[in-house]
Amino acid sequence: DHEDGDHDSHEHAHHGVDPHAWLDPANGAVWLVLIAEALAEADADNAATYRANAAAGARALAALTEELDAALADARAVPFIAFHDAYRYFTARFGLTMAGTVALSDAADPSPARLARLRGRVAELGVRCAFSEPQFDPKILHVVAEGQAMNIAVLDPLGSRLEPGAALYAELLRDMAARIAACSAP
C-alpha cells in the first residue's frame, strides 16, 4: 500500500527484511542453534552444555508453537487490523489474517486517504478486532473503528509490560496469542 504519499524510510514489511522475526518461534529455534554454535566455538570446554541447552530450548519452542497453534485455532478465520505492520511472522506462522494496518511502520503517520481505505476494508471484511501497541496513541484506531462493531485491544510485540527473565519470550508469544484469541472471540 504505497499510495497517497505513504512512503517512508522504514518500510520494513514491504521492502527487504521485516525486523520482527522473533515473533515466529521457528526463527527462535534456528537462532538457538546458531547462538549455541557460536558459544561452543568461543568456549569449547562448555560446548556440549551450549548444544544441549539449545536442543532443549528448541524442543520447548516446538511445544510452545503447538500450544499457540491450538490457542489460535478459532481466531484464524477472523481478520484483524493492527497499528503498524509488525506481525507478519506471527500471522504467517499461525495462519492468522491481518486485514491491514493503520501505519506502514512504527515511524510513519497514516494519511487521511490511507485511513479511509482501511475503514472501507474493515467494513468490507467485517473486521471486529483492532490492536494498538503500548507505545502508540490508540486514537487513530478509534477513528478507524468509529461506527464499526470492533474491539480495540493492545498487543505488545516487545513484551514491555512483562517481567524480564528466562520465561519472557514464551510469555510474550502466549500473551499475544491470548489477546488475539480473546479479541477475535464472538
Side-chain angles (χ1 to χ4, degrees), residues 1-25 64-65 67-162 170-186:
D1 184 8
H2 295 281
E3 298 172 23
D4 305 309
D6 278 334
H7 292 80
D8 73 276
S9 61
H10 189 68
E11 295 179 52
H12 55 260
H14 302 281
H15 297 291
V17 176
D18 178 352
H20 304 93
W22 70 88
L23 295 179
D24 180 345
L64 176 65
T65 300
E67 173 190 330
L68 299 179
D69 199 44
L72 290 164
D74 292 338
R76 283 192 185 88
V78 182
F80 67 90
I81 62 170
F83 190 86
H84 88 287
D85 202 0
Y87 304 99
R88 288 179 182 232
Y89 285 98
F90 194 81
T91 58
R93 172 59 50 203
F94 297 106
L96 301 171
T97 305
M98 190 163 61
T101 61
V102 170
L104 287 175
S105 74
D106 56 0
D109 290 328
S111 68
R114 179 174 182 76
L115 292 177
R117 284 191 310 277
L118 185 57
R119 280 184 55 79
R121 186 153 173 83
V122 163
E124 171 190 333
L125 296 175
V127 173
R128 62 181 191 234
C129 193
F131 292 102
S132 182
E133 294 178 29
Q135 70 272 28
F136 298 119
D137 185 348
K139 288 179 188 171
I140 296 174
L141 276 177
H142 289 282
V143 168
V144 173
E146 188 176 341
Q148 309 288 331
M150 189 180 311
N151 298 320
I152 297 179
V154 176
L155 282 181
D156 185 3
L158 302 176
S160 65
R161 296 179 176 175
L162 299 174
E171 289 309 309
L172 172 125
L173 296 178
R174 280 188 185 104
D175 182 66
M176 284 182 45
R179 289 173 184 266
I180 290 170
C183 191
S184 300

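What's counted below: heavy atoms across the whole structure, side chains too, no hydrogens, waters or symmetry copies.
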Do [X] and [Y] have side chains that get closer than 4.5 Å, going by heavy atoms?
| X | Y | result |
| --- | --- | --- |
| Met150 | Ile81 | yes |
| Val122 | Val144 | yes |
| Val127 | Gln148 | no |
| Asp69 | Phe94 | yes |
| Ser184 | Asp74 | no |
| His142 | Asp137 | no |
| Leu125 | Thr97 | no |
| Asp85 | Met98 | yes |

Which label fits His84 and Phe136: parallel for a plane angle under 30°, tilted from 30 to 60°, or perpendicular past 60°?
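Rings of His84 and Phe136: perpendicular, as their planes differ by over 60°.
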* **Contacts of type ring pair (Phe, Tyr, Trp, His ring centres under 6.0 Å), residue Tyr87, not counting sequence neighbours** =>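 Once residues adjacent in sequence are excluded, Tyr87 has no partner under the ring pair (Phe, Tyr, Trp, His ring centres under 6.0 Å) criterion.
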Between Pro134 and Arg161, what is the shortest heavy-atom contact and its length?
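Heavy atoms only, the tightest pair is CB-NH2, 3.7 Å.
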Not counting sequence neighbours, which residues clear side chain to side chain donor-acceptor pair (under 3.5 Å) with Asn151? List them please.
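Side chain to side chain donor-acceptor pair (under 3.5 Å) list for Asn151, sorted by chain: empty.
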**Message:** Using ring centroids (six-membered ring only for Trp), state whether Phe131 and Phe80 fall under 6.0 Å.
**Reply:**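 Between Phe131 and Phe80, which both carry aromatic rings, the centre distance is below 6.0 Å.
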In a table with atom names and distances, give each donor-acceptor pair under 3.5 Å that connects a side chain of residues 174-181 to protein atoms at least two apart or in another chain.
unit_1	atom_1	unit_2	atom_2	d
Arg174	NE	Glu67	OE1	3.4
Arg174	NE	Glu67	OE2	2.7
Arg174	NH1	Glu171	OE2	3.0
Arg174	NH2	Glu67	OE1	3.1
Asp175	OD1	Arg179	NE	3.0
Asp175	OD2	Arg179	NE	2.9
Arg179	NH1	Val154	O	3.3

Looking at CZ of Phe90 and CG of Leu23, how far apart are the two atoms once the value is rounded to the nearest 0.5 Å?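 These two atoms lie 7.5 Å from each other.
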Next item on the list: To the nearest 0.5 angstrom, please state how far the OG atom of Ser132 sits from the CG atom of Asp156.
Entry: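 These two atoms lie 10.5 Å from each other.
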Next item on the list: Would you check if there is a donor-acceptor pair between the side chains of Thr91 and Arg76 at a distance under 3.5 Å?
Entry: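 No.
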